[in-house]
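Letters A, B, ... are given to chains in the order of the sequence lines, protein chains preceding strands, and every chain is numbered from 1.
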Protein chains: 2
Amino acid sequence: MKTNENTVSIFALGGINEIGKNMYVVEYGEDLIVIDCGGKFPDESLLGIDLIIPDVTYLEDNKEKIRALIVTHGHEDHIGGIPYLLRKINVPIYATHFTLGLIELKLEEHRLSRDTKLIAIDSDSKLELGELNVSFFQVSHSIPDCLGIVFHTPAGNIVHTGDFKFDLTPTNEQYSDIHKMAAIGQQGVLCLISESTNAERSGLSPSERMVGSHMNEAFMKADGKIFVSTFASNVNRVQQVVEACMKTNRKLALLGRSMVNVVSVAIERGYLIVPEGMLIEANEVDQLAPEKVAILCTGSQGEPMAALARLASGNYRDISVYPGDTVILAASPIPGNEKDVSRIIDNLFQLGANVTYGSGSTTGMHVSGHGYQEDLKLMLTLMKPTYFIPVHGEFRMLHHHRLLAESVGVEPGNTFIIKNGDVVDIENSIARQTRRIPSGDTYVDGMGVGDVGEIVLRDRKQLSEDGMLVIVLTLSKTERRIIQGPDTITRGFVYVKDSEDLLREINRLVKKTVNDLQAENIRQWNVVKQNIKKSVGQYLFTRTKRRPMILPIIIEI
Amino acid sequence: MKTNENTVSIFALGGINEIGKNMYVVEYGEDLIVIDCGGKFPDESLLGIDLIIPDVTYLEDNKEKIRALIVTHGHEDHIGGIPYLLRKINVPIYATHFTLGLIELKLEEHRLSRDTKLIAIDSDSKLELGELNVSFFQVSHSIPDCLGIVFHTPAGNIVHTGDFKFDLTPTNEQYSDIHKMAAIGQQGVLCLISESTNAERSGLSPSERMVGSHMNEAFMKADGKIFVSTFASNVNRVQQVVEACMKTNRKLALLGRSMVNVVSVAIERGYLIVPEGMLIEANEVDQLAPEKVAILCTGSQGEPMAALARLASGNYRDISVYPGDTVILAASPIPGNEKDVSRIIDNLFQLGANVTYGSGSTTGMHVSGHGYQEDLKLMLTLMKPTYFIPVHGEFRMLHHHRLLAESVGVEPGNTFIIKNGDVVDIENSIARQTRRIPSGDTYVDGMGVGDVGEIVLRDRKQLSEDGMLVIVLTLSKTERRIIQGPDTITRGFVYVKDSEDLLREINRLVKKTVNDLQAENIRQWNVVKQNIKKSVGQYLFTRTKRRPMILPIIIEI
């Protein structure tokens with residue numbers, strides 16, 4: 001479709017029907033602005049895949065229109081794809097001071113040369129990007145310096161909330177700028193794009209301040225060392241741990257690469273205040289009395305290589321968990337991580353620690369950074385949008401978010417539940433979703449980006465379940481008789497020593513197959529290989545109920 | 001250790017530090033009784049494994065002492081290992097009428113000939129098994145006909161609770177026989193073996209009756225078809241669905257093999273009462289008005305091949321979910337299943353259904369069959385044991401159960417938190433844990449039982465993450481020069497067409513490796529293969545950050 005001059009187009013390249021790889025686009029005439037560029041961690045069905053990023057074919061095809069990548073905040077699901085995007089397209093990046101700090105860390109890790117323009121903005125910035133004017137408003141979330149975005153287009157205002165909650169008692173100045181939001185709503189919002197993570201949860205999200213008071217209590221009570229595990233990027237929570245240390249006169253050690261990195265960015269940039277001399281090195285922990293030290297560590301999601309898992313299994317150099325120590329998991333397990341987290345808790349109890357764990361709402365040691373139903377309704381009420389696009393969520397969350405929108409007055413029919421790649425075109429104030437642009441998942445595996453696709457994954461799945469057999473056979477070129485082999489090599493199938501008669505039968509079957517074809521004068525390699533696969537495969541399935549991959553290799557001499 | 005005449009020994013072959021494969025043993029003199037024989041579903045790290053069962057080496061070595069397998073109830077984690085045990089040891093099985101029905105189903109599935117003695121008991125039965133007298137008491141749980149067991153040994157009484165909760169308002173006569181339990185406690189209990197599943201949950205477990213009233217409400221409100229997904233074995237809940245159908249004049253269809261099988265066992269044996277004419281076939285559903293029909297189906301844990309998943313993805317023959325239909329998930333997702341369940345809920349919402357889901361406690365559509373902390377304390381209080389062994393749980397659950405026991409008067413030091421294989425010997429009323437017997441996991445993969453071990457699993461893991469390369473090379477026997485190849489075949493690594501220069505470099509490296517060794521006059525195949533693996537492996541890791549399995553195959557002609 002050719003869009004006319006007065007059309008503003010909105011779509012997602014990631015973030016819909018998933019939690020992760022957020023990437024949204026607002027396009028008007030010859031100008032295109034990208035919002036966020038996130039990564040997503042694969043589930044276990046994507047064997048060997050390290051990261052999923054959005055397919056950016058559309059952006060590559062429309063390079064010349066891209067005016068900016070605006071990043072709402074520094075979480076992985078909003079910045080994790082940036083290094084991969086920059087390898088394809090050089091685009092100026094606009095983000096707040098703290099978010100830029102995290103993006104710079106990421107670019108250093110990827111050894112990306114610094115020819116990308118990184119432009120610091122704050123919630124008072126006003127940008128002119130082509131024909132689009134852009135302004136911002138501050139929102140509360142579980143990381144500092146988060147933005148909502150207003151696109152002032154000739155067709156009307158488009159608002160993207162970023163990730164948000166309303167925290168009326170935040171632990172720093174990162175409040176939700178309700179007055180500004182009210183003014184934006186008052187000006188008129190053509191379309192609101194709002195996050196949906198907690199659209200299933202009723203009520204108003206609790207304040208981060210609640211965690212502080214529970215943290216203080218726990219620190220007061222504890223006799224031994226205290227370990228606190230949380231997300232490194234939750235600087236407000238880290239600040240509250242620092243304050244609990246001050247109150248109880250404890251030194252603080254940081255464990256885990258991301259904890260050390262993010263905390264230094266936060267200190268350097270003024271988002272975290274740590275008293276002089278409070279921070280100690282890991283190897284100094286044992287030199288202090290246990291009641292004089294606390295440890296902040298990564299691994300609250302049960303990541304097997306992170307600090308907490310290694311502490312729990314007694315594999316951390318310098319530091320051990322002793323009976324009577326306290327361990328606080330200041331995070332709720334993300335769905336899919338429960339088992340790994342439970343295993344760590346079990347190990348910590350076995351070491352004799354007192355462990356505080358469970359969903360944050362029961363322990364008081366975690367609150368979500370995403371608004372609940374009442375937060376979402378408040379945002380909708382403030383913005384009074386004509387059209388509404390719920391984003392950042394799985395389908396059921398988007399569905400519930402639509403119901404919330406209707407409950408506060410968004411017209412039925414004016415909510416668009418889209419898929420990644422669906423384009424909402426708003427033309428002369430009428431919104432329609434009729435066209436799609438290319439979208440999808442790009443898999444990162446090691447250094448490879450996009451080189452692992454369905455066939456490779458299907459092979460990995462078969463290999464992972466039943467292993468493989470390589471059958472090597474040397475045939476004489478002239479007579480086509482077997483002059484060596486068959487030799488069978490298995491991996492991931494069964495122990496060879498347990499299965500000698502199985503291998504004997506395979507050899508017999510292979511010989512028979514080759515000889516039978518020989519008798520019929522069939523000599524095409526493909527046919528010979530197919531027949532070997534078939535006869536051996538059937539035999540193995542009947543005998544073992546397994547379907548290993550069978551690779552016949554025929555050498556002609 | 002040689003145990004003396006007055007020693008009773010207690011141990012687990014499964015069920016400790018895990019949820020699943022329950023198997024406990026009480027041994028006295030020349031008599032050994034096995035309690036339960038469960039299976040456990042593997043987590044995703046055990047690639048290709050179908051089921052885990054207990055290692056029963058100890059039982060095989062002590063075959064002549066085994067007097068009975070007593071099965072407390074019919075859940076998979078208590079009966080799933082029986083067919084595998086029976087292939088090794090023929091042992092008479094004692095269980096209640098309903099439990100035996102499920103065991104018989106299982107033996108038929110495995111086509112096990114019926115030379116096993118199956119002996120029906122009830123909570124009033126008294127058995128003399130060698131020198132051991134055994135009696136029973138009735139407990140409430142989420143399946144009918146559950147038993148607790150009392151072993152009357154000359155050394156004292158040993159009580160095993162089975163799985164239980166105290167449901168004071170059960171939906172049938174499957175009440176907890178508190179009077180009998182009190183009497184047992186009054187006689188004196190030397191050692192209590194009690195389940196720990198919900199030892200982390202405070203309060204008293206809610207009654208199954210609560211589900212019934214919520215089910216009735218939901219049935220009253222619904223206009224379209226109603227789908228209810230729950231565990232087939234939860235016959236009390238099935239009965240409540242039947243009653244909601246009666247109240248709202250709906251017919252009932254059963255979907256899913258286990259639903260059909262278990263419901264017929266329950267009806268045949270008198271545990272479920274379904275009015276004449278209520279049950280209809282799946283293909284009759286569409287002939288009735290939607291408000292006249294309900295469907296009970298399997299798949300509440302998100303199992304991808306079960307009825308609910310197929311309904312949600314529109315792949316169920318005969319029956320579709322239409323907008324306005326109601327779907328009730330009358331089960332909480334077991335940890336690890338959350339993602340699969342969520343995917344189904346998303347699909348159902350996309351079909352336009354009203355879906356009731358979430359943890360049972362919030363929807364009122366599920367209650368746990370396992371007692372909470374107050375239930376566990378009530379059992380401990382009734383039994384007043386001298387010694388206590390918490391079982392059926394992961395470590396943190398056993399740990400909390402110990403704290404509960406101490407809170408109601410079990411002496412500190414008298415609780416034994418054991419591992420599978422640890423033996424508690426009680427000799428002259430003094431309990432000690434000093435010895436172990438063999439124990440472990442036996443993996444079932446297809447028809448193979450125990451033929452897949454660490455090496456096979458390690459290979460599967462490597463294959464699953466990075467795939468493999470087979471490098472085939474033909475050398476001349478006399479001169480040792482390359483006469484054919486190298487040819488490289490990859491599976492699960494990268495697309496070959498995307499990686500031609502990679503393959504070229506591999507060929508070059510292989511040739512160089514062979515020629516270098518040739519120049520040094522090194523001819524051992526092993527060395528040649530090792531060197532090829534090393535040089536190609538290093539190259540691939542540097543280039544791709546992947547470590548595929550490399551299989552060099554050398555043919556000498």
**Q.** For chain B, the option from A/D346, A/L47, A/I557, A/D466 that forms the most heavy-atom pairs under 4.5 Å
**A.** A/D346
Q.
Could you walk me through whether A/V327 and A/I345 satisfy the side chain to side chain contact (heavy atoms under 4.5 Å, CB included) test, starting with their C-alpha distance in whole Å, then the side-chain angles of each, then the deciding distance to 0.1 Å, before giving a yes or no?
A. CA-CA 9 Å; A/V327 182; A/I345 295 165; over 6 Å; no
Q) For A/S45, is it the side chain, the backbone, both, or neither that has a heavy atom closer than 4.5 Å to a heavy atom of chain B? A) neither
Q. Of the backbone (N, CA, C, O) and the side chain (C-beta and beyond), which part of B/N17 lies under 4.5 Å from a heavy atom of chain A, both, or neither?
A. side chain
**Q.** B/F541, part contacting chain A, at a heavy-atom distance under 4.5 Å
**A.** neither
Q. Given a strict heavy-atom distance threshold of 4.5 Å, which part of B/I489 is in contact with chain A: side chain, backbone, both, or neither?
A. side chain
Q. Based on non-hydrogen pairs under 4.5 Å, which of A/D445, A/V470, A/I555, A/L551 is most in contact with chain B?
A. A/D445
(Q) For A/V472, is there any backbone N or O sitting under 3.5 Å from a side-chain donor or acceptor partner on A/D487? (A) no
Q: Select one option (side chain, backbone, both, neither) describing which atoms of B/T544 are under 4.5 Å from chain A's heavy atoms.
A: backbone
Q) A/S196 and side chain to side chain donor-acceptor pair (under 3.5 Å): which partner among A/H400, A/H401, A/H392, A/R396? A) A/H401
Q) If only atom types and distance count, is the side chain of A/D340 paired as donor or acceptor with the main-chain N or O of A/N337 below 3.5 Å? A) no
**Q.** chain B contact via A/R458 - which portion, at a heavy-atom distance below 4.5 Å
**A.** neither
Q: Taking all heavy atoms of A/L351 and all of A/A312, pick out the closest pair and write down the distance.
A: CD1-O, 3.4 Å
Q | When A/R491, A/R546, A/E338 are compared by non-hydrogen pairs under 4.5 Å with chain B, the top option | A | A/R546
Q | Interface residue of largest heavy-atom contact number with chain B, from A/R343, A/M397, A/Q462, A/E394, under 4.5 Å | A | A/E394
Q. Where do A/A309 and A/E303 come nearest, in terms of heavy atoms and distance?
A. CB-O, 3.4 Å
Q) Looking at A/Q484, A/R543, A/Q350, which has the largest count of heavy-atom pairs under 4.5 Å with chain B? A) A/Q350
Q) Can you name the closest pair of heavy atoms from A/E44 and B/E44 and give their distance? A) CG-CG, 3.6 Å
